[in-house]
Amino acid sequence: MTAAQTVLPTLAPLLPELILAIGVMVLILYGAFRGERSVEGVNVGALLLLLLAFFVVVSQPAGMKVTTLSGAFISDAFSRVMKGLILLGSSATILLSRDYFQRERIDRFEYPILIVLCTIGMMVMASANDLIALYLGLELQSLAAYVIAAFHRDNLRSTEAGLKYFVLGALSSGMLLYGASLVYGFTGTVSFPGIVSALHGEAGFGIVLGIVFVAAGVAFKMSAVPFHMWTPDVYEGSPTPVTAFFASAPKMAAVAMTVRVFIGAFPDVTAIWQQIIVFVAIASMALGSFAAIGQRNIKRLMAYSSIGNIGYALIGLAAGSQEGVQGVVIYMIIYLAMTLGAFAIILSLRRRDEMFETIDDLSGLSRTHPVLAFCLAMMMFSLAGIPPLAGFFAKFYVFAAAIKAGLVTLAVIGVVTSVVGAYYYLRIVKVMYFDEAKAPYESMAPGLRIVLAISSVVVILFFLLPGPLRGAADAAAKSLF
């Protein structure tokens, strides 16, 4: 057997990441040689790369579960589903960004390249099977995210957002690394299967401390309470397409990483980390529901909404069961559609060179843009969990998993905070349909229409054909147990 024949099967699970890595190097060279004339070509190239990687991911055999790089990288049904969501979120971001960046005159070829680099890191996070691979993926994603948060460098709010994200992100990375070093020190291995074998279902004080620090690090990346403090400011300050990106693809990666760590490395000490996850879920749901009530800026409102939604998703993880992980995956699929659809509409609120970001700017939208108002109303009703929209089923699956696992109180708190959170979602609907109409906005860019159409179909019609998404989520959960 030749060297090439030996290497290719080993690298086969890495094919989507290799496509993006090789492609992004080509785009960097093309952008460097062509300068600003390369912007359109780099945008198209980045989008095609992401879609090609998505096709490769979904084309991989359904039952395939293989590891490579000495077990540091795993490809299974769970990683494939989460990578698919990550790639869809990143592709949608490029579609959402094009018109906005042209109008703001900040259209540079580095932006789509940073999105692709960020995506590579997120995909590694979803497939990490040891602590080192997890950290490398996390840092690749984070470093690119810090830059795109401050991409509008002539805007004070954008540079402030990038600086806040960088400083607090460095702190969280340090906590995660410290927790990982404690786990390694007390188990003698960084491999998730190795950690399971070393613990033998028991955890001493050192391991517990390590789990706490690891949980703190991943909670920051998910923007879960009490490590949420960066989210509202970064969401408000970043360019709106970047905010849409932060609210979508990185959330998929952060949740995938969290599930992978706790279910993959600590399945026999569930009672220890379950307490942490339950606390974080309750705190995130409560803060997300109550803090959003007084918000007037719709991007800050979406920030608190994302904090609350992470809390609901963590209910499924707290269950520590196959049904719970299935609920988490379904929740994140639906959350991605709701978030991208909402931001597609937010990005369409423009008159000439002025963008509008407050809830009052939606006044009377039903009379000036009835289709937009209807779609946004459906997104808000779905986020509130009102049947028969997709958001209702997302919450139903995680609540059902929690009740089955005996976490009835957690499920009840989730229902109560859902009722509270419904207030600010319904307030947006009230403003659109009952307040005095303002001057109409410009027509939507083609990229925004594509994202809104796909998101609306998923949110509104999920109850008619839930089978494919449920099947994918079920296969993803089974691969972890």
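Bear in mind that the values here come from a model prediction, so they are computed numbers and not experimental data.
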When every non-hydrogen atom of Gly264 is compared with those of Val196, the smallest separation belongs to O-CG2, 3.4 Å
Residues pairing under salt bridge (charged side-chain N to carboxylate O under 4.0 Å, His left out) where one sits in residues 242-252, two or more places apart or in two chains, turn out to be none
Worksheet entry | Test item: Ser223 side-chain N/O and Ala219 main-chain N/O as donor-acceptor pair under 3.5 Å | no
Inset, instruction - State whether Tyr312 and Lys395 meet the cation-pi test: NZ (Lys) or CZ (Arg) under 6.0 Å from the six-membered ring centroid, and within 45° of the perpendicular axis. - result: yes
Those residues at least two apart in sequence (or on a different chain) that pass side-chain hydrogen bond (donor to acceptor under 3.5 Å, both in side chains) with Thr358 are Asp361
Applied to residues 313-334, the salt bridge (charged side-chain N to carboxylate O under 4.0 Å, His left out) test, sequence neighbours excluded, yields Glu323-Lys404
Applied to residues 128-144, the salt bridge (charged side-chain N to carboxylate O under 4.0 Å, His left out) test, sequence neighbours excluded, yields none
Residue set satisfying side-chain hydrogen bond (donor to acceptor under 3.5 Å, both in side chains) with Arg300, at least two apart, ordered chain then number -> Asp233, Glu236, Gln295
Mind running salt bridge (Lys or Arg N to Asp or Glu O under 4.0 Å) on Asp435 and Arg427 for me, showing each step along the way?
CA-CA 11 Å; Asp435 285 11; Arg427 183 182 66 182; over 6 Å; no
Sorted by chain and number, sequence neighbours left out, side-chain contact (heavy atoms from CB on, under 4.5 Å) with Leu461 holds for Val457, Leu464
**Message:** Under a 3.5 Å distance rule, please check whether Ser238 uses its side chain to pair with a backbone N or O of Ser158 as donor and acceptor.
**Reply:** no
**Report entry** Chi angles and distances behind the side-chain hydrogen bond (donor to acceptor under 3.5 Å, both in side chains) call for Asn309, Ser305
**Finding:** CA-CA 6 Å; Asn309 277 287; Ser305 172; 3.2 Å; yes
Please report the C-alpha distance between Glu160 and Arg153 in whole Å, then the side-chain angles of each, then the deciding distance to 0.1 Å, and finally whether the salt bridge (Lys or Arg N to Asp or Glu O under 4.0 Å) criterion is met. CA-CA 9 Å; Glu160 180 185 351; Arg153 59 193 180 200; over 6 Å; no
Kindly list each side-chain donor-acceptor pair under 3.5 angstrom involving residues 286-294, sequence neighbours excluded, with atom names and distances?
unit_1	atom_1	unit_2	atom_2	d
Ser289	OG	Met285	O	2.8
Ser289	OG	Thr417	O	2.9

Ser382 meets the side-chain contact (heavy atoms from CB on, under 4.5 Å) criterion, sequence neighbours left out, with Met338, Leu389, Ala390, Val459
By side-chain contact (heavy atoms from CB on, under 4.5 Å), Ser456 pairs with (sequence neighbours left out) Cys375, Met379, Leu452, Ile460
Q. So do the side chains of Tyr235 and Ser306 get within less than 4.5 Å of each other, counting heavy atoms only?
A. yes
Rounded to the nearest 0.5 Å, the CG atom of Leu138 sits from the OG atom of Ser172 at a distance of 7.0 Å
| Are any non-hydrogen side-chain atoms of Tyr335 and Ser248 less than 4.5 angstrom apart? | no
Checking Tyr441 against Ser348 for the side-chain hydrogen bond (donor to acceptor under 3.5 Å, both in side chains) test, could you report, in this order, the C-alpha distance in whole Å, the side-chain angles of both residues, the deciding distance, and whether it holds? CA-CA 7 Å; Tyr441 296 106; Ser348 69; over 6 Å; no
The reported gap from CD1 in Ile132 to CG in Leu69 (rounded to nearest 0.5 angstrom) is 12.0 Å
Of Phe166, Tyr146, Phe220, the one forming a ring-ring contact (aromatic ring centres under 6.0 Å, His included) with Trp230 is Phe220
* **Check: Ala126 main-chain N/O paired with Arg260 side-chain donor or acceptor under 3.5 Å** => yes
Worksheet item: Are the side chains of Phe381 and Tyr425 in touch, meaning some heavy atoms are under 4.5 Å apart?
Response: no
*Yes or no on salt bridge (Lys or Arg N to Asp or Glu O under 4.0 Å) for Asp474 and Lys478, after CA distance, side-chain angles and deciding distance?*
CA-CA 6 Å; Asp474 185 51; Lys478 281 181 180 177; 3.4 Å; yes
Rounding to 0.5 Å, atoms CD1 (Ile298) and CD (Glu357) come to a distance of 9.5 Å
Exercise. Is the closest side-chain heavy-atom distance between Val255 and Met222 below 4.5 Å?
Worked result: yes
Between Phe481 and Gly320 the two heavy atoms that sit nearest each other are CE2-O, 3.9 Å
(message) Working note: Ile211 + Val208, criterion side chain to side chain contact (heavy atoms under 4.5 Å, CB included); need CA distance, chi angles, decisive distance, verdict.
(response) CA-CA 5 Å; Ile211 291 174; Val208 172; 5.7 Å; no
Using side-chain hydrogen bond (donor to acceptor under 3.5 Å, both in side chains), reason through Arg350 and Tyr100 one step at a time and then give a plain yes or no. CA-CA 10 Å; Arg350 174 186 286 277; Tyr100 178 93; 5.8 Å; no
One should read off an interatomic distance between Phe462 CZ and Ile330 CD1, to the nearest 0.5 angstrom, of 6.0 Å
Could you tell me if the side chain of Gln274 sits less than 4.5 Å from the side chain of Leu407, heavy atoms only? yes
Tightest non-hydrogen contact, residues Gly194 and Thr189, listed as C-CG2, 3.4 Å
For Tyr111 and Ser97, does a side-chain donor sit closer than 3.5 Å to a side-chain acceptor?
yes
* Please report the C-alpha distance between Asp360 and Ser363 in whole Å, then the side-chain angles of each, then the deciding distance to 0.1 Å, and finally whether the side-chain hydrogen bond (donor to acceptor under 3.5 Å, both in side chains) criterion is met. => CA-CA 5 Å; Asp360 292 335; Ser363 296; 5.1 Å; no
pair Leu448-Leu95: side-chain heavy atoms closer than 4.5 Å:
no
Exercise. Measure the shortest side-chain to side-chain distance between Leu314 and Phe279 over non-hydrogen atoms and say whether it is less than 4.5 angstrom.
Key: no
Residue set satisfying side-chain hydrogen bond (donor to acceptor under 3.5 Å, both in side chains) with Lys65, at least two apart, ordered chain then number -> none
query = Do other residues, nucleotides or ligands put more than 12 heavy atoms under 6.0 Å from Phe463 CZ?
reply = yes
Tightest non-hydrogen contact, residues Leu96 and Ala244, listed as CD1-CB, 4.0 Å
Under a 4.5 Å cut-off applied to non-hydrogen side-chain atoms, are Leu131 and Tyr135 in contact? no
Distance col, row Lys221:NZ vs Met125:CE, nearest 0.5 angstrom, shows 8.0 Å
dist Leu171:CG -> Met175:CE (nearest 0.5 Å) comes out at 4.5 Å
Classify the angle between the aromatic ring planes of Phe392 and Phe396 as parallel (below 30°), tilted (30 to 60°) or perpendicular (above 60°). parallel
The complete set of salt bridge (charged side-chain N to carboxylate O under 4.0 Å, His left out) pairs with one or both residues in residues 407-416, sequence neighbours excluded, reads none
Sequence neighbours excluded, the answer for side-chain contact (heavy atoms from CB on, under 4.5 Å) partners of Ala265 is Phe192, Ile195
When every non-hydrogen atom of Ala472 is compared with those of Val81, the smallest separation belongs to O-CG2, 3.7 Å
